[in-house]
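Here's the structure, in C-alpha cells; my notes come after.
Start at 1 with the first residue, then count along the sequence.
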Amino acid sequence: MSSTTEHVVSQLKEDLLKEHHKNSQSSPSHDSDERILDVLNRLDEINIDIDILKETLIGKTVIQFKKKYKYSEDITTKARALVKKWKRIYEDANSATATEQNNDAEVNESCNGNNMEGNYKSDDGDNKDTNNEDGNISSPNGFCDICSKPANFREHIGQLQRCKDCGICVHELCYCTVPTKEIDPNFTCHACKAVNTTVEVNVPSKIGGTGDDIMGKMRELMTVEERPMECVLCLHSSEYHAMHPLYDTCGKEGRQYVLKASGSGKPRRLAWVHTLCAQMLIATKGYLYGVDNDGEWYGSGSKNIDYEDSEDNESARNSSSDESDDEVGGQKFKLGTKIYKEFADEQTGKLCLFKGKVKRFDTRRRFYKIVYTDGDEEEMTESQVKRYLQKPTKVSAKKAQEPVSVATRNFCFNEDVKDEIKEARELKCAVCRKDDTKSLRIPTQCNVGDKGVHTDLQQHYSHVASVCTTAMHVGCARWIAPKRLVRVAGDGNKRVRMTYFYPGQFSGDSNVNKEFPDPVAACFCRVHAKIIQERRNRANEKG
C-alpha cells in the first residue's frame, strides 16, 4: 500500500468533513458544493486499493454525502458512483477467500452505516463494525462506544443498545442508565434526542454558577439544529460517539452550559461531552460529577464526602496556613505533611485508605514526592497535596453505591478541585499538542505508576519502575492516537489500546460481581500501551 496515496486520501477525507461541518453550521452555499464535488472528483481519479479503503475508511465518509446532499444531484451522483466503484474493489479482493455473504459484510464495514466513521476497536486492536447489516437492531453485533466490549460481555452491565438514528452502540450501565433485559428498538441516544429541541439556558452561563442572588433569574431559549459531535473535554469531534450534556452547575438552577462564539467561526452553542471522556475523568481524577434528573450529584467530587477533624488534620492545615513564612523555592507544604488517599486493593479492587507524607519537593518541576506507609511512592502537584490533606471518614450512601448515577442526565465540572483542573490544563496533550489554558479541555496523565489502577492492568507493567507523566486527552487517546499503527512484538502492526473503562457493579443488582465490583478506568501513553498489549498477548497465549 502506498503511504503517499493513503496520505492524500486521508487529506481529501478531512477536506470533505470540514466542508460538511461548515454546511452544518449555516445554509449550504454554491461555493461549498463546488468544493465538495471537486474533492469527490479527485478521489475518483486516484487509484485506491482495498488496503487504503480499510485504513482510511473513506467509504463511510463519502456515503454520507450520497445520503445527506440529495438537493445536489451532482454530489449524490458522484458519491453513489464512488461507493459502487469501491464495493467492486472489495468484492474482487475477497472473492478468492470469502463467500458472498462475507463479502457483503466487508463491504458494509467500509462503505455502509450511519456514522461518518463507525468502526471501533476491540481489545486486540482489530477493526469491529458497530453497524448491523440491514440495520437490524434486535441483535447488535457491534462494540460499546464507551467500554469497547461486545454485547453480553457481562450480564450485569445491561443490554448493548443501538441508537436508531446515529447507530452508536452503548451498554446501558456504561451509558449511566439502569440495566434492563430487553433490546429497545426505539433507543435514541441523548445527542440524537436533542436534535430539533429547544433548551432553556442560564444568562449568563457560567461554570459553577453565578451566585444564588443571580442564578436562574434570567433565561433564554436555544434550539439544537443538528446532532452534537463536539466534546469540550477533548479535540475529537469528527465522528458520532456517546455524549451527555455539560451543565453549568447542579441543583434546580443548573442548565446546559453555553459555549461562546469562537474566532474560528463557530457560533454560540450548547456544551456536550463524550460520555467516555467524562466517565474517565470522574473515575481517575474526580474532575467532574454526574447529575440526575432531580439535580442530585454523584461521582468522585468532595461534595459527597464528609470530613472529621483530628490532630493529624489540624497539623496538616496548620502546615499549609503557615506556608507564607517558610515558603522556599515555591514549596507550599512542609516536609512531613501528612496526606490521606484512597487506592484500590490489589486483591479485591475495593477502595482502601492509605496515609502518606511529603518527603521531598522538586523545586524545578514543582512536584512533591509522597511516600506511603506501605513503602509505595508517587508525585503530586501542589493542588493535589492540598486536596488530600484531610482524612475522609464517611462517604455518602449514593457515592458508595454508585460512583456515577445510573440515572445521569448530565455532567458538571467539580469546582472543589478547580485549582487542580487549572494545573492539568497547563499540560500539553501528547497526541494533539494543543494548548488547553484557554479552553475547557482537560488532559489526564498516563496511569503507569498510579496505585489506583486495577491489578488486572497493573500486572502487565509492574516491571516498569518509574512514574509516567505523559499527558493526553481521553478522546485523543481513545479515537485519534490508535489510528497510527504501532509494531507490536509477535503481532505485527496494530492499533494499540490506550484507554480502558469498565463501569463496575450496579448497586441495584443483587448478583454482585466479585471480580470487578468497582469501576476500572485507566489511560496510558502510546509507549506503555504497547507494553501492556504485548504482555497481555503473551498472557493470552500461555492461558
Side-chain angles (χ1 to χ4, degrees), residues 120-123 125 144-149 174 231-236 241-242 273-288 299-300 343-344 349 378-381 384 403-404 411 414 417 420-421 423-434 436 441-462 464 466-484 486 494-504 516 518-536:
Y120 298 87
K121 314 300 183 296
S122 64
D123 285 347
C144 177
D145 184 65
I146 302 166
C147 75
S148 305
K149 295 294 185 179
C174 294
C231 171
V232 304
L233 299 175
C234 73
L235 199 70
H236 185 63
H241 292 295
V273 295
H274 290 134
T275 307
L276 174 64
C277 292
Q279 291 269 54
M280 289 282 286
L281 291 176
I282 286 176
T284 60
K285 299 294 184 181
Y287 289 162
L288 295 93
S300 318
F343 293 100
E378 74 169 323
E379 290 184 326
M380 285 188 178
T381 63
Q384 286 175 321
V404 175
F411 292 103
N414 184 1
V417 293
E420 188 174 332
I421 292 175
E423 287 185 355
R425 287 183 174 136
E426 295 177 358
L427 303 172
K428 183 167 288 188
C429 175
V431 179
C432 70
R433 305 288 182 179
K434 294 296 183 180
D436 295 332
R441 294 189 298 268
I442 308 177
T444 186
Q445 290 177 293
C446 178
N447 285 122
V448 164
D450 189 339
K451 291 174 59 177
V453 178
H454 196 278
T455 180
D456 186 56
L457 291 171
Q458 282 195 37
Q459 63 179 330
H460 297 300
Y461 62 82
S462 57
V464 179
S466 61
V467 173
C468 181
T469 58
T470 301
M472 68 214 86
H473 302 119
V474 174
C476 291
R478 172 63 180 87
W479 293 297
I480 297 179
K483 292 180 180 179
R484 175 183 164 189
V486 174
K494 286 286 184 179
R495 293 177 173 85
V496 296
R497 183 177 181 183
M498 297 171 64
T499 59
Y500 293 82
F501 178 79
Y502 165 71
F516 296 109
D518 298 314
V520 175
C523 192
F524 301 102
C525 68
R526 198 191 309 272
V527 173
H528 289 117
K530 175 185 174 183
I531 292 174
I532 293 170
Q533 187 154 321
E534 288 175 341
R535 292 175 72 91
R536 291 185 78 196

Report yes if some heavy atom in the side chain of Val527 is under 4.5 Å from a heavy atom in the side chain of Val448; otherwise report no. no
Check for a donor-acceptor pair, side chain of Gln533 on one end and backbone N or O of Arg497 on the other, with a separation under 3.5 Å. yes
Search all heavy atoms of Val273 against all heavy atoms of Ala278 and return the closest pair with its distance. CG2-CB, 4.0 Å
For Cys174, does its backbone N or O pair with a side-chain atom of Gln279 as donor and acceptor, under 3.5 Å? yes
Kindly give the heavy-atom pair with the smallest separation between Gln384 and Glu379, and that separation in Å. OE1-O, 4.2 Å
Evaluate the side-chain proximity of Met280 to Thr444: yes if any heavy-atom separation is below 4.5 Å, no if none is. no
For Ala424, check side-chain contact (heavy atoms from CB on, under 4.5 Å) against everything at least two apart and list the hits. Tyr287, Ile442
Once you round to the nearest 0.5 Å, how far does NE2 of His241 lie from OG1 of Thr275? 11.0 Å
Whether the Thr470 and Arg526 side chains hold a donor-acceptor pair (N or O, under 3.5 Å, no angle test) is what I'd like checked. no
Work out which heavy atom in Ala481 is nearest to a heavy atom in Met498; give both atom names and the distance. CB-SD, 3.4 Å
Taking all heavy atoms of His528 and all of Cys446, pick out the closest pair and write down the distance. ND1-SG, 3.8 Å
Closest heavy-atom pair and its distance - Cys429, Cys432: SG-N, 3.5 Å
Side-chain heavy atoms of Met380 within contact of Glu420, under 4.5 Å: no
Assess the side chains of His236 and His274: does a donor N or O sit below 3.5 Å from an acceptor N or O? no
Atom pair SG (Cys234) and CG (Leu276), whose distance is rounded to the nearest 0.5 Å: 9.0 Å
Indicate yes or no: at least one non-hydrogen side-chain atom of Phe501 is less than 4.5 angstrom from one of Arg478. no
Counterpart residues, side-chain contact (heavy atoms from CB on, under 4.5 Å), relative to Ala471 (two or more places apart): Leu427, Pro443, Gln445
Partner of Trp479 under side-chain contact (heavy atoms from CB on, under 4.5 Å), chosen from Val474, Asp145, Leu235: Asp145
Nearest heavy-atom neighbours spanning Ala529 and Val496: CB-CG2, 4.2 Å
Separation between SG of Cys523 and NE2 of His473, rounded to the nearest 0.5 Å: 11.0 Å
Are any non-hydrogen side-chain atoms of Tyr500 and Asn447 less than 4.5 angstrom apart? no
Any donor and acceptor pair, going by atom type alone, linking the side chain of Arg425 with main-chain N or O of Arg441 inside 3.5 Å? yes
